[in-house]
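Have a look at the structure below, then the notes.
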Amino acid sequence: MLDIQQLRTGLDDVVQQLAKRGFAFPADAFNALEAERKKIQTQTEELQAQRNAASKKIGQAKAKGEDVTAIMNEVAHLGDALKQAEAHLDQVKNDLQKMLLEIPNLPHASVPEGKDETHNVQMRTWGEPRRFDFDIKDHVSIGEGLGLLDFETAAKLSGARFSLMKGGLARLHRALAQFMLDTHTQEHGYQETYVPYLVSRDSLLGTGQLPKFEQDLFAVNAGGADSTGAPEYHLIPTAEVPITNMVRDEIVPLNALPLKYVSHTPCFRSEAGSYGRDTRGLIRQHQFDKVELVHIVHPDRSYEALEQLVGHAEKILQKLGLPYRVMTLCTGDMGFSAAKTYDIEVWLPGQNAYREISSCSNCEAFQARRMQARFRSENGKPALLHTLNGSGLAVGRTLVAVLENYQNADGSVTVPEVLRHYMNGLDQLRNSEQNANKI
RNA sequence: GGAGAGAUGGCCGAGUGGUCGAAGGCGCUCCCCUGCUAAGGGAGUAUAGGCACAAAAAGCUUAUCGAGGGUUCGAAUCCCUCUCUCUCCGCCA
């Protein structure tokens, strides 16, 4: 959420900045609402002040045992007018709030201007894509070839865009998550957290998924789909939601900053509207695992923290020996809550392309304002925090990258050195009688 | 799921219709005193808005005692609904 003060005092600038990210701010509607708000609020508060003063007088008079009918008459007519004014004010404020909640964050000055992902700017690359002297397969063929990846059965269980992994592949998936968690907690100073996978609407409002992106979420009702009323819970689309909301309505002591949390969770996305893209394989699923990094920081430190955050995510790819590049997203490609975003894209030989595996964003005070997440600042006053989040990394896509980059001519896959410890020393996934064995 | 108790400021805790944004304590900040320390004395110490102003300060004003609604001239206090916490019972991984 943007600062309404900023809209009142510098609307033109805000409109211009939002235009850069392709958002048309309804300035006229805002100005009209704001003018009305001002009028009604003044009027309402005037009436309230009258009432309060009269009530006080009544109280004082009664205490002295005086007759109060005169004052009572004086105040009697206020009731209806006040009620009406209050209702009107509520409505106008609600409309304003609704408008405010649907406005995306302003891009940071350093963000390149552009319409879509073709205007993202490459910052750096790491590693050399490996040369293969055999015909390479994509991860689907590799996984199915091993007898360890089974989309058909997953479809039977749930439908499209779900996956079933078995044996060494399921274990490799787990190993990746463990490895990421261990690295971030032991080397990067994050506190491991276990969080709810079902969250309230308030939490989703806080991080910006609601009210605008309800279509992308899965909703859950206790007692089944035909239960009446609004959904009680939503499945988390990312651990960013529960982790960041830990500080909602809190005032964090200055000396507790920065807070750095990591959590491994499943993520659930309906991805409405993206059908037809990445229909094959593990790239785009309704359910996937992710290790999420969140920083809650002092506003002066958030861009410093963003660089660290990206570095921590990169470290995982480096240790796994997976080539990648880091992109700064342009204004038109950034997410709703972000002021600046770096994407990390890993090299996928099966697609002969770099594909997003991590997205690291500084949301500045955008989420904090929605959440009323504050810290007690140097002058003793509460001030809004800055929040950042980033994948460190998307586990499913990392698995894809490992399969494709570490594939061998005979269809086997070499287990990266750093993961063997988590695989009981196993150094290769290969097909076997056992793997091929039915369900 | 059943029965009961509760939710007040950074924390503890008083307050059952009026001058209460809220006693008292703790903590914190500043000052005084004390040759260090400890003890003592004094003052201050919620948040978010609005108005006005070029802006800040001061000022005026509104809201907030878990949330929402209601009764009333007036609600922390009375009524209703909800949420959460705790205790006991049941069930359950």
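Lettering follows sequence order; numbering is per chain, from 1.
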Would you mind pulling out the nucleotide paired to B/C20, Watson-Crick or G-U wobble, both distances under 3.5 Å?
-> none
Closest to the 5' end of RNA chain B, once A/Asp90 and A/Asp3 are matched to their nearest nucleotides, is A/Asp3
Residues touching RNA chain B, which here means a heavy atom under 4.0 Å, drawn from residues 31-48 of chain A | A/Arg37, A/Lys38, A/Gln41, A/Glu45, A/Gln48
Touch check for A/Gln5, heavy atoms < 4.0 angstrom, all strands: base, sugar-phosphate only, or nothing?
-> sugar-phosphate
Which class fits the ring pair A/His188 and A/Tyr190: parallel under 30°, tilted 30 to 60°, perpendicular over 60°?
-> perpendicular
For A/Gln60 and for A/Met72, locate the closest nucleotide of RNA chain B by heavy-atom distance; then report the residue assigned to the nucleotide nearer the 5' terminus.
-> A/Gln60
Under 4.0 Å between a side-chain N/O of A/Arg51 and OP1 or OP2 of B/A63, yes or no?
-> yes
So, is A/Lys381 close to the B/U47 phosphate, meaning a side-chain N or O under 4.0 Å from OP1 or OP2?
-> yes
Just checking A/Ala54: base, sugar-phosphate only, or nothing, at a heavy-atom cut-off of under 4.0 Å?
-> nothing
Who pairs with B/A76 - Watson-Crick or G-U, where each distance is under 3.5 Å | none
How is A/Arg374 classified with respect to the nucleic acid when contacts are heavy atoms under 4.0 Å: base, sugar-phosphate, or nothing?
-> sugar-phosphate
Give one of base, sugar-phosphate or nothing for A/Pro253, where a contact means two heavy atoms less than 4.0 Å apart.
-> nothing
May I ask you to evaluate whether A/Asn52 reaches the phosphate of B/C73, defined as a side-chain N or O under 4.0 Å from OP1 or OP2?
-> no
Any donor-acceptor N/O pair under 3.5 Å between B/G18 base and A/Lys56 side chain | no
Which part of the nucleic acid does A/Lys93 contact within heavy-atom distance under 4.0 Å: base, sugar-phosphate only, or nothing?
-> nothing
Considering only atom C1', compute the distance from B/G9 to B/A14 and round it to an integer number of Å.
-> 13 Å
Starting at atom CZ of A/Arg376, determine the distance to atom P of B/G9, rounded to an integer number of angstrom.
-> 13 Å
